[in-house]
Amino acid sequence: MDYNFQEIEQKWQAEWEKQGAYHVSNQSDKKPFYVLDMFPYPSGAGLHVGHPLGYIASDIYSRYKRLCGFNVLHPMGFDSYGLPAEQYAIQTGQHPEKTTMQNIARYVEQLKKIGFCYDWDREVKTCDPSFYKWTQWAFRLMFNSYYDTKLQKARPISELIAQWEANDPTWKSLSEKEQQERLMNYRIAYLSDTKVNWCPKLGTVLANDEVSEGLSVRGGYPVEQRVMRQWSLRVSAYAGRLLEGLDRIDWTDSLKDTQRNWIGRSEGAEMQFQIKGQDTPFTIFTTRADTVFGVTFMVLAPESEYVSRVVTDAQRAEVETYLDRCKHRTERERIADRKVTGVFTGSYAINPLTNSEIPIYISDYVLSGYGTGAIMAVPAHDSRDYAFAKHFNLPIIPLIEGADVSEESFDAKEGKMINSGFLNGLEVKEAIAKMKEYITNTGIGRVKVNYRLRDAIFSRQRYWGEPFPVYYKDGMPYVLPEDQLPLTLPEVSDFKPTEDGQPPLGNAKDWTYEGYPLELCTMPGFAGSSAYYLRYMDNHNDKALVDKEVNKYWRQVNLYIGGTEHATGHLIYSRFWNKFLYDLGYICEDEPFQKLINQGMIQGRSNFVYRYIGEGATGNLYVSYNLIDNPEYKDKVQPIHVNVNIVKNDILNIQAFRDWMPEYKHAEFVYADGTTDQDNPYLGAPAEKQYICGWAIEKMSKSMFNVVNPDDVVAQYGADTLRLYEMFLGPLEMSKPWDTNGIDGVHRFLRKFWNMYENVSNDEPTADELKSLHKLIKKITWDIENFSFNTSIPAFMIAANELGKCNKRAILEPLAILIAPYAPHIAEEAWHRCGNTTFVIDAAWPVCNEAYLEEATIKYPIQFMGKVKFTLDIAKDATKEEIEKIVMNDEQTLKQLAGNTPKRVIVVPGRIVNIVV
RNA sequence: GCCGCGGUGGUGGAAUCGGUAGACACGAAGGACUUAAAAUCCUUUGGCCAGUGAUGGCUGUGCGGGUUCAAGUCCCGCCCGCGGUACCA
């Protein structure tokens, strides 16, 4: 009987739905396990084969855990607010909600076809008011909270007010507006004038992680710096905890490193420098306190508040010209053009150790947002200061013995100090410590830890996002009462900004609360994705984000699978958001994602045809790839992307190519053998009569005609083949091109597998058959637990080969269970064919039964490359020499040396290969 | 520049604790079946050398060293590729 995958898959998908097979309850005696995929943004293009890669992996793991007897939460939802839907709305006038809902429907349909075991009852959409009620709720909570630096956690701001009421007489004397202004400096969600990344083309501000090399990540438009009044989240308060928390979670080293880098902890010192002729000093930050003796000038960031204090009248005009220039440079220009620029302020500072007078400059190589926006420059030991000193002819004093600073600075933190007073002779590291001690004792400065992580800018001047639950009274923001949530997104007459430059919500009618104007900005994309994993636990609850008892049951995401591109965005924000909710007692775990796996990207594999453009070219002749380096065609062909769906194993379907686009209707070909016969059949043509396409690995995109739709693969091969094949492509974490060249092999295997279940018998299995099965059980269990899904498929193939025509129930039943996580449809049908009328969702993974495995391995010792592994006893206290002796001797000696403590020794005939001591 | 990851046949990739490198699949070649093709099945397939043959020998995991009875795997020094980040003092 043929393997009719379409029939099987439709049948079981319908059956699962009918039975509610994947419905997950919050009440269960079973142990909980939470497996989560990063939810997608539903784009208009639909899913391509790259998207399901991580979903398949998490689905395998979920199904495995379920088979092992866990209650597995495995939900899916949609990150459905975002720029593309809005851009589309501006272009077409279609409401973003409409297109978003259409896209979601399409995504759901595509996902269901692949046979995922999601509990669709728990689906969430970030643009749904019942969902964003809780996004607004959290924002409101952040507005009403502050970060207590002593307790190192968030507390209700009412506690701070109570403290001031009790201890701070000035508090009561302040007007309400003044009180609100003071509180704004403490709120975790706060409004302030901030230097922001403004993208004129997108008409909105962007967070730091949404900008890369001076261009917007979405769209690639230039970004400039601008000061605007914006909402921000005080993420920086959590920098220390975000860093330290990484040590307690099971993420890959590379991802942790990316986050550590982004958080950017650096230990240094803040130091005060007096300004000549002024009373108040200014403060700088340095990690090289040891180099104070070599400071020959100071530099301020152009935006530094110190600037106005130190500019002399004589220099004012020049400074203002420079500041004006800095203001108009975009981030990108600044990065691209690294020429040394700067201007002298006219003032001098006093080096607190040498008492010498040093000039104060302004330069944009100093950043206002980091440290204090002011530095002490040590040209001998910092390459940037060096370049500046050379440009302005400032003195360079070497501080480390043997350092040659005539051509470049010596930046390494090693060597012995010279020219440094009481530090002379010390190693750099000792000198840093000694100087820190000195400045602390003398009060010149203090030890300080600085973080690179900035507060997250939370306003977006866009329409398609969560409205802020905020209204303005007397120019100050207030949050809506909790019972007024959700504040639903209003209809607008136009999705573009208003005539006078207000965000699109300015076009909404009656956008007020009790007569007060409501906030016109909306929240950024990461708002909705920062706590969605908590909402899945209890998505129908309208009293709380998640019920406390329910949260206590599921606790946190045990396994999170998604791409690395969220390392410095979503994965920072949601950790912050989670810690905040944890501080206030709403949830019970302070890290959201216990284990995280990054799946690689699937790139496109483009195909090309080569149009002949040499002498006498008609523009209609295409040369086979194998010939393009021949002298007659070399440099006379032009590669053209061809739709990969009309190419199979790099062989062009000629008829389909001619039908593809009108311009190819009369295409003629030079085939692999160099001939140009006209009526050449595509399939079945001998190899030399085919047209071979070239290929390249590129991003999967419509314009390169290399997008492969999973629906097409499912229609042609079935969901089980797609699932198996995506896993078979290579290790999960690795990026790899989509290449259908091997898919037939996997499909063939499934057909073979299917045939084993033709006539299931009750015969007793042979020892060899049991051995094959147990080897497989061990292998598949190891693979799944170690996320090594790609190596399971060969194991299945080998077992199927070894089992041959074995049709015994005792083998086939466990075999169906083993393959169920990977290929659930065929497994269900196979299980059914073994005589089990319904699939046993809770069937124990055979390996869970330790005794079963133990017995099996004793009875049929697992072989190693065809040779038996000996298990022998060796004395626990055997010395290295004795062991070496054993190594040199034969198996017989080994047996004689056997003692009381069992230790494993692996033997290859005539040679011992491994001793476990 | 800095940080992280990787480099294995014609291709994707195996090798899980340092233990017979190249599993499995694709592709290719040959064969069976067939009027023919598709499908299916069987054999061969890292390179070089010897042999009619079964087989044997040498070589081989980016390059150069080292540790070890044993190295794709560990250590040191390079080269190349990918990803992240970038005036962060």
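First the proteins, then the strands, lettered A, B, ... as listed; each starts at 1.
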Distance in angstrom units between A/L255 CG and B/G84 P, rounded: 13 Å
How is A/M734 classified with respect to the nucleic acid when contacts are heavy atoms under 4.0 Å: base, sugar-phosphate, or nothing? sugar-phosphate
May I ask you to say what A/I375 touches in the nucleic acid, namely base, sugar-phosphate or nothing, with a heavy-atom cut-off under 4.0 Å? base
Does OP1 or OP2 of B/G83 have a side-chain N or O of A/S254 closer than 4.0 Å? no
Contact class for A/F796 vs. all strands (heavy atom < 4.0 Å): base, sugar-phosphate, or nothing? nothing
Output row for RNA chain B, stems defined as at least 3 consecutive Watson-Crick or G-U pairs under 3.5 Å, is B:1-7 with B:79-85, B:10-12 with B:24-26, B:27-32 with B:40-45, B:46-50 with B:55-59, B:62-66 with B:74-78
Distance-only polar pair, side chains of A/N755 and A/Y3, donor-acceptor under 3.5 Å: no
Closest non-hydrogen contact found for A/F297 with A/V295 is O-CG1, 3.5 Å
With rounding to the closest Å, how many angstrom separate the P atoms on B/U59 and B/G65? 15 Å
In whole angstroms, how far is the C1' atom of B/C3 from the CZ atom of A/R452? 12 Å
For A/T568 and for A/R751, locate the closest nucleotide of RNA chain B by heavy-atom distance; then report the residue assigned to the nucleotide nearer the 5' terminus. A/R751
Taking atom C1' in both B/G64 and B/G51, compute the distance separating them and give it to the nearest angstrom. 37 Å
Any residue meeting side chain to side chain contact (heavy atoms under 4.5 Å, CB included) with A/A380, in chain and number order, not counting sequence neighbours: A/I396, A/V405
Looking only at side-chain atoms of A/T287, point me to the closest of B/A15, B/A89, B/A25. B/A89
A/S788 side chain to A/D783 main-chain N or O, any donor-acceptor pair under 3.5 Å? no
When you compare B/A38 with B/A28, how far apart are their P atoms, in angstrom units rounded to a whole number? 12 Å
Please say whether more than 12 non-hydrogen atoms of neighbouring residues, nucleotides or ligands are located less than 6.0 Å from CD in A/E785. yes
Considering only the P atoms, how many Å lie between B/A71 and B/A54, rounded to the nearest integer? 30 Å
Check A/E270, A/R446, A/Q272, A/K448 against A/T283 for a side chain to side chain donor-acceptor pair (under 3.5 Å) and give me the one that passes. A/Q272
Tell me which nucleotide among B/C87, B/C24, B/U16 gets nearest to the side chain of A/Y365. B/C87
Distance, C1' atom - from B/C26 to B/U44, rounded to whole angstrom: 16 Å
Between B/G83 (P) and A/N598 (CG): distance, integer Å: 15 Å
Could you tell me how far apart A/Q716 (CD) and B/A39 (P) are, to the nearest whole angstrom? 12 Å
A/R575 to A/W251 six-membered ring, cation-pi geometry met (6.0 Å, 45°): yes
Minimum-distance nucleotide to A/D382 side chain [options: B/A89, B/G13, B/A86]: B/A89
A/K736 side-chain proximity, nearest of B/A89, B/U16, B/G13: B/G13
Are the aromatic ring centres of A/Y822 and A/F796 under 6.0 angstrom apart? yes
If each of A/F285 and A/R748 is mapped to the nucleotide of RNA chain B with the nearest heavy atom, which maps nearer the 5' terminus, i.e. the 5' end? A/R748
Need the glycosidic conformation of B/C33: syn if within 90° of 0, anti if not. Which one? anti
All N/O contacts under 3.5 Å from nucleotides 6-11 of chain B to the protein, with atom names and distances to one decimal?
none

Regarding A/V378, tell me which of base, sugar-phosphate or nothing describes its non-hydrogen contacts under 4.0 Å with the strands shown. nothing
Working to the nearest 0.5 Å, report the span between OG1 of A/T258 and CG of A/L246. 10.5 Å
Round to a whole Å and report the spacing from CD of A/E565 to P of B/G84. 10 Å
Could you check whether A/S266 gets within reach of a base, just the sugar-phosphate, or nothing at all, counting any heavy atom under 4.0 Å? sugar-phosphate
Listed partners of A/Y365 passing side chain to side chain donor-acceptor pair (under 3.5 Å), at least two apart: A/D385
Is the backbone N or O of A/L571 less than 3.5 Å from a side-chain atom of A/H566, with the two atoms forming a donor-acceptor pair by type? no
Separation between the P atoms of B/G81 and B/A15, rounded to whole Å: 27 Å
Would you mind telling me which of B/A23, B/U16, B/C3 lies closest to the side-chain atoms of A/W782? B/U16
Euclidean distance for P, B/G6 against B/U16 (whole angstrom): 14 Å
Salt bridge (Lys or Arg N to Asp or Glu O under 4.0 Å) with A/K595: which residues, sequence neighbours excluded? A/D250
Name the nucleic acid region contacted by A/N790, choosing base, sugar-phosphate or nothing; use a 4.0 angstrom heavy-atom cut-off, strictly under. sugar-phosphate
Regarding A/P737, tell me which of base, sugar-phosphate or nothing describes its non-hydrogen contacts under 4.0 Å with the strands shown. nothing
Taking side chain to side chain contact (heavy atoms under 4.5 Å, CB included) as the test, write out the residues that go with A/D411, two or more places apart. A/S383, A/S409
Roughly, in whole Å, what's the span from CD in A/Q259 to C1' in B/G83? 16 Å
Rounded distance (Å) that lies between atom C1' of B/C87 and atom CG of A/D385: 10 Å
Specify the separation, in whole Å, of atom CG of A/N261 and atom P of B/C2. 13 Å
May I ask you to say what A/I798 touches in the nucleic acid, namely base, sugar-phosphate or nothing, with a heavy-atom cut-off under 4.0 Å? sugar-phosphate
Could you tell me whether B/G9 is syn or anti, where syn means a glycosidic angle within 90 degrees of zero? syn
Closest listed nucleotide, where the reference is the side chain of A/W262 and the choices are B/A14, B/A86, B/U16: B/A86
B/G72 to B/G62 separation - C1' atoms, rounded to the nearest Å: 12 Å
